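I have placed the structure first, in the form of structure tokens, so that the comments after it can refer back to it.
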Amino acid sequence: MISAQLVREHPEEVRRSLERRRADAPLDLAVEQERGRREILAELEELRAGRNEAGRRIGRAESDEERQRLIAEQRATAERIDELEASLRDAEAALDATLGEIPNVVGAETPDGDDEDANVVVRTHGEARAFDFEPSPHWELGERLGIIDVERAAAMSGSRMYMLRGAGARLQRALIGWFLDSHHASGYEECYVPAMVREEAMRASGQLPKFRDNLYRDDEEDYWFVPTAEVPLTNLHADQILDAEALPLRYAAHTPCFRREKTSAGRDVRGIKRVHQFEKVEMYQFTAPEDSGDALAEMLAQAESLLQQLGLHHRVLQICSGDLGFNAAVSYDLEVWAPGAREWLEVSSVSNCTDFQARRANVRYRAADKRGARFVHTLNGSGLALPRTLAALLEQGQQSDGSVVLPEVIRERVGFGVIEPAG
RNA sequence: GGAGGGGUGGCCGAGUGGAUUAUGGCGGCGGUCUUGAAAACCGUUAGGCGCGCAAGUGUCUCGGGGGUUCGAAUCCCUCCCCCUCCGCCA
């Protein structure tokens, strides 16, 4: 959520940001609602001050008659205060809802552009391997090797579900452990977190109300299934004031991620690229505002190093203004090459959300020598999403004999170096 | 699932309708004293929103929300969390 203060004092800055995003949002309405809220507040506070003063006099009243007279005087005021309090509640709720429709202010370093075609390839690592045979897509490889079973998963759970078996399941588990160990070694505190959270927590991280359509929830109780570990990690410090010396706080967590994918019906239905349930390791940081730029670069490098060590051909994209996520001011995507499917797969998105998410979650910090509390900056980055990483490993590592050779770095951990075709 | 007890400032803890601008203690910070420190004593000790150039000033916050009342930490409703006991359970 952007601040009401920004809307009031620098609406032109927000307007420019919306133009850069090629997005429409009710900025003018927010400006108007913000002004209306203040008008109500001014009258209300004046009446409250009068009431408090009258209360003191009533308490000190020497005779019962005087007390009754003073009380009678207050009746009309009390009614007006009730009215104004109701108006204020409505006005604040309306303003909050309107502000909730406005995306984060685009970062200065984010390149301008209409849509994903304008994203900038910052760098590419490795080269597409030359095959002396026709490389297969991962869904064919997975089935042939007996390690991805879409059919049996669909039988029990429907489309966009999959299961891993044998070497596939073992490889995924090894990767998750290795990712977490890498982040731990780089100073990220490993966390095991709830994958089900309250509605309030979904609001704090900004999933609600805007992205309701993509979330699963329990039918009877107030539990929502997280679409990413970003949700619980954001909430880790919700409503707290942190010590400046404690920043940056860096966390990593592995969770299942649940997504309805309602808005992408029909897209990416083959394979395990877009599914309702998948595993992901997520990195997260809370930083002082002045440090979030460096933290973004560090987090991006951390995610990239995993792909480099895995020897996967990949590229780094800087997301342009028109393709930027709602919460983000600056984002980079990491895409790995899938030679069988002949497409780039997004395995990580690393974003600086500045104070946008921190304001919703109410995460602040206080510098030792300064008064007051300011919102922290939050950053999140996948490190990494498992199904697509797995798909790229299979497609890039496939051999003419149908086997898949695994990268050196993961062999000891997974316990084998080659996945052989099933008998 | 059943029965009961709780939630007050950084921490502990008093307060059960008005003089509370939340008693008191601990901790933190500043000061007096001291060669220095301790002790003692004195002072200070949050956040949000509004008005104001500022100094200030008003208002809200006693787990969250709503209500009763001229007035709520205090009474009522509701939700959340913690603790004890019983049942069930990996």
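In what follows, chains carry the letters A, B, and so on, assigned in the order in which the sequence lines appear, proteins first and then strands, with residues in each chain numbered from 1. All values reported here derive from a predicted model rather than from experimental measurement.
Taking side-chain N and O atoms only, A/Arg198 has a distance below 4.0 Å to OP1 or OP2 of B/C81. Between A/Arg8 and B/G50 there is a side-chain polar atom (N or O) within less than 4.0 angstrom of OP1 or OP2. Using a 4.0 Å cut-off, no side-chain N or O of A/Arg37 falls inside it from OP1 or OP2 of B/C49. At the phosphate of B/G71, neither OP1 nor OP2 sits under 4.0 Å from any side-chain N or O atom of A/Arg57. In terms of phosphate contacts, A/Arg38 brings no side-chain nitrogen or oxygen within less than 4.0 Å of OP1 or OP2 of B/C49.
Distance check on atom C1': B/U45 versus B/C49 gives 22 Å, rounded to whole Å. Nucleotides B/U8 and B/U74 place their C1' atoms 11 Å apart, quoted to the nearest Å. Of the P atoms belonging to B/A38 and B/U34, the separation is 15 Å, rounded to the nearest Å. The same atom, P, is picked in B/G1 and in B/C60; the two are 39 Å apart, to the nearest Å.
Of the candidate nucleotides B/G18, B/C70, B/A46, B/A46 has the atom nearest to the side chain of A/Arg366. Among the nucleotides B/G67, B/C70, B/G48, the one closest to the side chain of A/Ala373 is B/G48.
With salt bridges taken as basic N to acidic carboxylate O contacts below 4.0 Å, none links A/Arg51 and A/Glu45. Using a cutoff of 4.0 Å between basic side-chain nitrogens and carboxylate oxygens, A/Arg38 and A/Glu34 are scored as salt-bridged.
In the model, A/Glu109 has no side-chain atom that pairs as donor or acceptor with a side-chain atom of A/Gln318 under 3.5 Å.
Consecutive Watson-Crick or G-U pairing (both distances under 3.5 Å) extending over three or more pairs maps onto RNA chain B as B:1-7 with B:80-86, B:10-12 with B:24-26, B:27-32 with B:40-45, B:46-51 with B:56-61, B:63-67 with B:75-79.
A straight line from CD of A/Gln5 to P of B/C51 spans 11 Å, rounded to a whole angstrom. Atom CD of A/Glu199 and atom P of B/G65 are 16 Å apart (whole Å).
Side-chain atoms of A/Arg21 never come within 3.5 Å of backbone atoms of A/Ser321 as a donor-acceptor pair (strictly under, hydrogens ignored).
If you run side chain to side chain donor-acceptor pair (under 3.5 Å) between A/Tyr216 and each of A/Arg260, A/Arg259, A/His276, only A/His276 comes through.
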Filtered N/O pairs between nucleotides 53-59 of chain B and protein, under 3.5 Å:
{"from": "B/G58", "atom 1": "N2", "to": "A/Glu45", "atom 2": "OE1", "distance (Å)": "2.7"}
{"from": "B/G58", "atom 1": "N2", "to": "A/Glu45", "atom 2": "OE2", "distance (Å)": "2.9"}
{"from": "B/G58", "atom 1": "N3", "to": "A/Glu45", "atom 2": "OE1", "distance (Å)": "3.2"}
{"from": "B/U59", "atom 1": "OP1", "to": "A/Asn52", "atom 2": "ND2", "distance (Å)": "3.1"}
{"from": "B/U59", "atom 1": "O2'", "to": "A/Arg48", "atom 2": "NH1", "distance (Å)": "3.1"}

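Residue-environment remark: CZ (A/Arg170) stays at or below the threshold of 12 foreign heavy atoms within 6.0 Å.
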